[in-house]
Amino acid sequence: MMIHRPRRNRKSQVIRDLVEETNLSVKDLIFPLFLIEGKNKKSEVKSMPGIYRWSTDLLLKEIDQCMRLGIKTFCLFPNISDSLKNKTASESWNKNGLYLKSLREIKKKFPEAVLMTDVAMDPYSSDGHDGYVENGEILNDETLEILGRMALAQAECGADILGPSDMMDGRVAYLRDMLDEARFTQVSIMSYTAKYASAFYGPFRDALDSAPKFGDKKTYQMNPANSKEALIEAELDTLEGADFLMVKPALSYLDIIKTLSDNSHLPIAAYNVSGEYAMVKAAAAKGWVDGTKIMNEMLLSIRRAGAKIILTYFAKEFALQKNK
Ligand code: PBG
């Protein structure tokens, strides 16, 4: 006699659906998009097959397609020409620069889309770092002032969610304060709370030509060996007024997603980063794995670990497959 037969709950698709604990919907996804200068331009990121840098005119068409597929939230990153980069990242608050101009255009054409912006210096920094550099050191408080200017300019152009991705101390409080002072009380902050110093960002740095010119990011991004530190960051971001907490990367950090989700009442997001995307694409191209099934399993595992929201380069592919 066997009283317990767990296989009974797996005996048909309908039963399996009944007991299914985790769901993944297009509504949970945020699609990161890359921008470039010019007109009618679309250039594929070599290390990210299927992912492009778009000129604004074409980006508007891409967003239109995505909206029809049910993707409503986008996270934007600019590829800035080297000649516009400097030590203070001043291009980041240039109202007529690529990023802010596109932001206004997208918001005008798609008022119902939710636009998340990136608040960090690296796309605009001649040092390729997320903070202000002096004598080879990344200075924290000097960086906050620059981030504040950038954030305010983005809010003025219609950003719905600001994504500080720089890992400087005190940035959430600093930005919240500035936003509120300027009456942007409805602009949200999704903090990159536990962002690790990871090799999985390689393809993203190719996309933006934003690799650090010297050293690495280990004095601000977290050590992959640590998980308790993520709780410190989460506590601070929560006290400072973050609306969402993010873990990045996702797949090698599912335990961190779970830890934050168990310890916080805020919605948890996870960033399924460029290197995670690239590895699936490379293996699928060789015929070594089924790319679509791997994508679905990966995204599901991130949800199961406790992320309500997933930023992923797979967003459109996932939506296309769902809409079939
Ligand atoms: C930097 C930033 C990075 C990513 C998003 N914002 C890279 C880095 O920290 O060097 C990586 C995203 C990805 O790999 O998909 N502010």
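Counting from 1, the numbers follow the sequence of the chain as shown. In each ligand, atom 1 is the first atom listed, and ligand 1 is the first ligand listed.
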Check your understanding: Do K248 and F200 meet the cation-pi criteria used here (NZ or CZ under 6.0 Å from the six-membered ring centre, within 45° of the axis)?
Key -> no
Study note, to complete from the structure: Rounded to the nearest 0.5 angstrom, the CG-OH distance for L59 and Y52 is 14.0 Å
Check your understanding: Under 4.0 Å from ligand 1, counting heavy atoms only, is it the side chain of D122, its backbone, both or neither?
Key -> side chain
Point to revise | Option set M121, K217, E276, criterion heavy-atom distance to atom 8 (C) of ligand 1, minimum | key: K217
Review point. Among K85, K87, K213, which residue meets the side-chain hydrogen bond (donor to acceptor under 3.5 Å, both in side chains) test with D127?
Key: K87
Check your understanding: So which heavy atom in the protein is nearest atom 4 (C) of ligand 1, and how far is it from that ligand atom?
Key -> K248 NZ, 2.6 Å
Review point. Taking the inter-plane angle between the rings of Y124 and Y99 on a 0 to 90° scale, is it parallel (under 30°), tilted (30 to 60°) or perpendicular (over 60°)?
Key: perpendicular
Review point. So which protein heavy atom does atom 14 (O) of ligand 1 come closest to, and at what separation?
Key: S274 OG, 2.7 Å
Review point. Nearest heavy-atom pair of D237 and S191: which atoms, and what distance?
Key: OD2-OG, 2.7 Å
Point to revise | Close side-chain approach of L100 and N96, heavy atoms under 4.5 Å | key: no
**Study point:** Part of D166 within contact of ligand 1 (heavy atoms, under 4.0 Å)
**Key:** neither
Check your understanding: Is the centre of the F110 ring less than 6.0 Å from the centre of the F74 ring?
Key -> no
Review point. If you measure every N/O of D118 against every N/O of ligand 1, is any gap under 3.5 Å?
Key: no
Review point. Which of the atoms in ligand 1, numbered in the order shown and given with their element, are less than 4.0 Å from a heavy-atom of R205?
Key: 8 (C), 9 (O), 10 (O)
Point to revise | Over all atoms of both residues, closest heavy-atom pair of A278 and P203 | key: CB-CG, 4.0 Å
Practice item. Identify, by atom number and element, the atoms of ligand 1 in contact range of Y271, meaning under 4.0 Å from any of its heavy atoms. Key: 12 (C), 15 (O)
Review point. Against heavy atoms of K195, which atoms of ligand 1 measure under 4.0 Å?
Key: 1 (C), 2 (C), 3 (C), 6 (N), 8 (C), 9 (O), 16 (N)
Exercise for review: Please could you name the atoms of ligand 1 that Q221 approaches to less than 4.0 Å, counting only its heavy atoms?
Suggested key: 8 (C), 9 (O)
Review point. How does Y277 reach ligand 1, if at all, at less than 4.0 Å between non-hydrogen atoms: by side chain, backbone, both, or neither?
Key: neither
Review point. Can you list the ligand 1 atoms lying under 4.0 Å from a non-hydrogen atom of A120?
Key: 16 (N)
Check your understanding: So H129 and F214, would you call those rings parallel, tilted or perpendicular, with 30° and 60° as cut-offs?
Key -> tilted
**Study point:** Proximal ligand 1 atoms for D130, defined as those under 4.0 Å from one of its heavy atoms
**Key:** 1 (C), 16 (N)
Practice item. Between Y201, Y313, F204, flag the one that comes closest to atom 15 (O) of ligand 1 by a heavy atom. Key: Y313
**Study point:** E297, CD atom: more than 12 neighbouring heavy atoms under 6.0 Å
**Key:** no
**Study point:** Min N/O separation Y192 to ligand 1 under 3.5 Å
**Key:** no
